[in-house]
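Below is one structure, written out as structure tokens, with a few remarks after it.
A quick note: this is a predicted structure, and the numbers were derived from the prediction, not measured. Residue numbers begin at 1 in each chain, while the letters A, B, ... track the order of the sequences.
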2 protein chains.
Amino acid sequence: MESAEQLQQPVRSRRITAAMVAARAGVSTATVSLVANGKTAGRVSEDNISRVREAIAELGYVVDGIGSSLAKGVSSIVILVAPDISNPFFAKVIAGVRESLGPQYQLLLSVTEAGESPRADDVRRLMSLRPAGLLVDAPSAGFLEDLASPSPVVLLDAPGLEAYAPSVNLDVASGARELAAHLADAGHREVAYVDSVTGTETFALRRKAFLEEAAARGITVGAGRIISTTIDVGTAASAFAAAWPGWQREGVTAVVCGTDTHAYGVLQEARVAGVRIPEELAVAGFDDLPYSATSNPGLTSVHLPATPLGLKAGEQLRRLMEGEVLEQAGVTLESSLVVRGSTAAAER
Amino acid sequence: MESAEQLQQPVRSRRITAAMVAARAGVSTATVSLVANGKTAGRVSEDNISRVREAIAELGYVVDGIGSSLAKGVSSIVILVAPDISNPFFAKVIAGVRESLGPQYQLLLSVTEAGESPRADDVRRLMSLRPAGLLVDAPSAGFLEDLASPSPVVLLDAPGLEAYAPSVNLDVASGARELAAHLADAGHREVAYVDSVTGTETFALRRKAFLEEAAARGITVGAGRIISTTIDVGTAASAFAAAWPGWQREGVTAVVCGTDTHAYGVLQEARVAGVRIPEELAVAGFDDLPYSATSNPGLTSVHLPATPLGLKAGEQLRRLMEGEVLEQAGVTLESSLVVRGSTAAAER
DNA sequence: CTGAAAGCGCTTACAG
DNA sequence: CTGAAAGCGCTTACAG
């Protein structure tokens with residue numbers, strides 16, 4: 001009998017279930033479950049533990065994620081909601097998250113149109129996967145209002161939204177102020193600002209902190225001097241191209257960009273238009289992407305710690321998912337200005 | 001009774017099940033399932049259809065992904081296995097995939113250590129989620145050998161591995177040959193190559209195609225002239241710093257890099273070391289990342305269509321998941337050389 | 001066209 | 001320490 005069965009189709013093609021393991025080990029599926037989940041303490045005999053372990057190894061059994069999730073009421077999936085995955089900054093955040101989450105959890109990426117939060121529909125569909133936890137990057141208040149997740153949530157880069165969930169933030173404001181001081185010291189008085197169109201808080205905060213400090217230091221940023229584009233080199237380049245003639249007439253000597261990506265667009269267009277950087281125009285951004293050290297010239301930028309952001313957020317979420325209480329619900333990581341050639345002091 | 005119930009906890013906090021919808025609509029859960037899945041044709045009366053639709057809307061019912069997956073034997077998750085998510089190239093691939101997959105499928109990202117395929121363990125855990133399909137970027141043959149996925153698989157950027165699954169590839173070889181021709185025409189005879197350490201086929205192909213065409217055109221790339229680093233600006237910079245003195249002695253006038261990211265490292269180090277680009281050294285890469293237009297100087301690069309790659313792969317996978325047969329199992333997208341300042345002809 | 005019932009694979013009280 | 005049984009939420013033959 002047994003040998004006849006073994007001669008059939010190689011067993012490998014069939015999904016191995018707990019029942020098969022139980023049969024082989026001569027125990028119940030309950031015991032298999034206990035062993036597979038490491039919940040044997042005081043509940044399974046040494047003898048059965050090794051029997052089951054052996055059967056698991058022999059059959060190559062893996063607990064079925066779907067069945068397990070249904071029984072437990074929660075899956076091992078962690079959903080990462082992010083409005084802008086095309087920003088290279090984000091790849092580092094993901095790497096950090098991945099590392100601190102460990103192999104127990106699977107990272108599910110919810111990608112939406114650049115700069116937009118997922119629609120309520122999408123969120124519902126995602127929640128129907130019963131995620132173990134959620135990581136939400138740069139959310140809007142409205143989105144969090146709708147969310148109402150039954151599983152733990154940690155916010156990334158969500159300044160001012162700490163009331164909704166534990167957050168890991170970047171102290172973009174202090175970097176923004178450093179930048180304003182740096183430009184003021186270099187003698188700039190007429191400055192323009194290229195913002196991101198996405199209505200996420202971090203960009204508003206970067207702009208606000210910069211503008212306040214700039215004003216305090218005698219820098220003027222008139223109304224027509226703030227433009228917004230998507231986070232895209234080409235788009236930023238075109239927008240700058242359109243705005244530059246006017247700015248030039250007004251005596252603008254420096255442009256601050258909401259992200260380095262915007263700044264690359266400005267640098268690119270400046271080269272095309274023959275605007276000398278930094279002699280005619282100083283340029284600076286936020287993020288300090290790896291390319292900022294290599295751009296032409298090197299780009300002055302507010303350094304934001306992307307990997308630590310992901311690491312810390314993953315760590316906090318993991319604690320919550322494991323039922324721990326956070327001793328520190330709000331974490332803020334430092335930012336700092338990195339000065340490079342694009343704002344090298346010119347004589348004025 | 002009913003009003004008493006309504007006065008209790010707001011219903012919103014409870015998960016809405018098909019049974020609740022069924023009760024409200026006065027039908028069975030079978031009918032609810034049929035309506036929710038759009039399988040009503042000839043099986044549900046118009047009357048019941050609208051009854052159920054109404055109840056679904058009123059209660060805000062969403063089919064539970066876990067329960068549904070268990071019953072169907074497959075989930076709505078598409079797993080994207082990628083060895084290198086820190087490459088900005090990849091963000092565009094993801095955006096393409098996301099777009100062609102549509103909202104029905106959830107993208108689950110399997111991130112591993114830079115450049116490594118996931119271990120067998122990880123794969124098993126992923127497969128236990130019963131994915132609807134798999135997208136595998138730049139895999140090794142060994143990985144595919146182990147995979148044996150019951151769900152459809154589409155390979156991205158996996159030249160030479162078409163036997164394992166339908167593939168969408170990039171014609172990196174023709175771009176590589178164009179690059180060799182370009183350098184030969186500019187008079188370069190002694191060239192070095194900075195490769196990626198990851199053993200993925202695409203890098204081997206880039207190198208091989210370049211070396212063959214280079215040799216055919218009288219370019220020498222000696223044994224000590226090929227070095228490998230991870231895809232990281234800093235690492236590439238250090239490796240180049242170490243190798244450059246020797247190369248310089250041998251009369252090397254051009255360096256080709258397996259990716260633009262490597263090339264950025266070379267550009268960066270060259271600036272530090274005072275090596276003039278392109279006069280003393282020409283530099284070129286592969287990928288044509290957005291930053292290559294802004295680097296110092298602009299980087300000559302083999303343009304690879306990242307978004308179309310993701311789009312096409314998602315499209316093919318979707319067909320397979322919907323039971324269609326692919327009329328074209330192997331797709332190859334064109335590459336082409338973009339010449340910029342980093343290889344501007346110098347007099348030699 | 002409709003619903004009762006079985007079944008997907010697992011986990012967890014529960015009774016012993 | 002152990003196993004039978006209920007249950008997670010859904011889908012799908014099946015019988016009517």
For Lys72(B) and dT12(D), what is the distance between atoms NZ and C1' respectively, to the nearest whole Å? 11 Å
Reported CG-to-NZ distance for the pair Leu333(A) and Lys312(A), which is rounded to 0.5 angstrom: 8.0 Å
Could you tell me whether the side chain of Ser128(A) and the main chain of Arg125(A) form a donor-acceptor pair under 3.5 Å? yes
Sugar-phosphate only, base, or nothing, as touched by Ala30(B) at under 4.0 Å among non-hydrogen atoms: base
Value in whole Å for how far the P atom of dC10(D) lies from CG of Leu70(B): 12 Å
Is any side-chain N or O of Arg130(A) closer than 4.0 Å to OP1 or OP2 of dC8(D)? no
Find the distance between CZ (Arg124(B)) and CE (Met127(B)) and round it off to the nearest 0.5 Å. 11.5 Å
Quick one, which residues of residues 37-52 of chain A touch DNA chain D with a heavy atom under 4.0 Å? Gly42(A), Arg43(A), Val44(A), Ser45(A), Asn48(A)
Leu129(A) CG - dG9(D) C1' separation (whole Å): 14 Å
Once you round to the nearest 0.5 Å, how far does CG of Leu156(B) lie from OG1 of Thr202(B)? 11.0 Å
Of the listed dG9(C), dT11(C), dG9(D), the closest approach to the Arg15(B) side chain comes from dG9(D)
Closest nucleotide of DNA chain C for Ala19(A) versus for Thr29(B): which of these residues is on the 5' side? Thr29(B)
Closest nucleotide among dC10(C), dG3(D), dT2(C) to the Thr31(A) side chain: dG3(D)
Is there a side-chain polar atom (N or O) of Ser68(A) under 4.0 Å from OP1 or OP2 of dC10(C)? no
Please classify the nucleic acid contact of Val32(A) as base, sugar-phosphate, or nothing, using heavy-atom distances under 4.0 Å. nothing
The nucleotide from dA4(D), dT12(D), dC10(C) with an atom nearest the side chain of Tyr61(A) is dC10(C)
Would you kindly give the CG-to-P distance between Leu34(B) and dT11(D), to the nearest whole Å? 9 Å
Rounded to whole angstrom units, what separation is found between the CZ atom of Arg125(B) and the P atom of dG9(C)? 20 Å
In whole Å, I'd like the distance from the CD1 atom of Ile66(A) to the C1' atom of dT11(D). 14 Å
Output the distance between atom CG (Asp146(A)) and atom OG (Ser140(A)), rounded to the nearest 0.5 Å. 8.0 Å
I want to verify a distance call: between dT11(D), dT11(C), dG3(C), whose nearest atom is closest to the Val27(B) side chain? dG3(C)
Minimal non-hydrogen separation, Leu147(A) against Val123(A), with atom names: CD1-CG1, 3.5 Å
Show your reasoning for whether salt bridge (charged side-chain N to carboxylate O under 4.0 Å, His left out) applies to Arg318(A) and Glu315(A). CA-CA 5 Å; Arg318(A) 189 167 181 174; Glu315(A) 192 184 313; over 6 Å; no
What integer distance in Å separates Met127(A):CE from dG9(D):P? 15 Å
Short question: side chain of Glu54(B), backbone of Val52(B) - any donor-acceptor pair under 3.5 Å? no
Phosphate oxygens OP1/OP2 of dA4(C): is one of them under 4.0 Å from a side-chain N or O of Ser28(B)? no
Could you give me the stems involving DNA chain D, meaning stretches of three or more consecutive Watson-Crick or G-U wobble pairs whose two defining distances are both below 3.5 Å? C:1-3 with D:14-16, C:5-12 with D:5-12, C:14-16 with D:1-3
Between atom CD of Gln106(A) and atom CG of Asp122(B), what is the distance when rounded to the nearest 0.5 Å? 8.0 Å
Leu155(A) backbone acceptor or donor facing Ser167(A) side chain under 3.5 Å: no
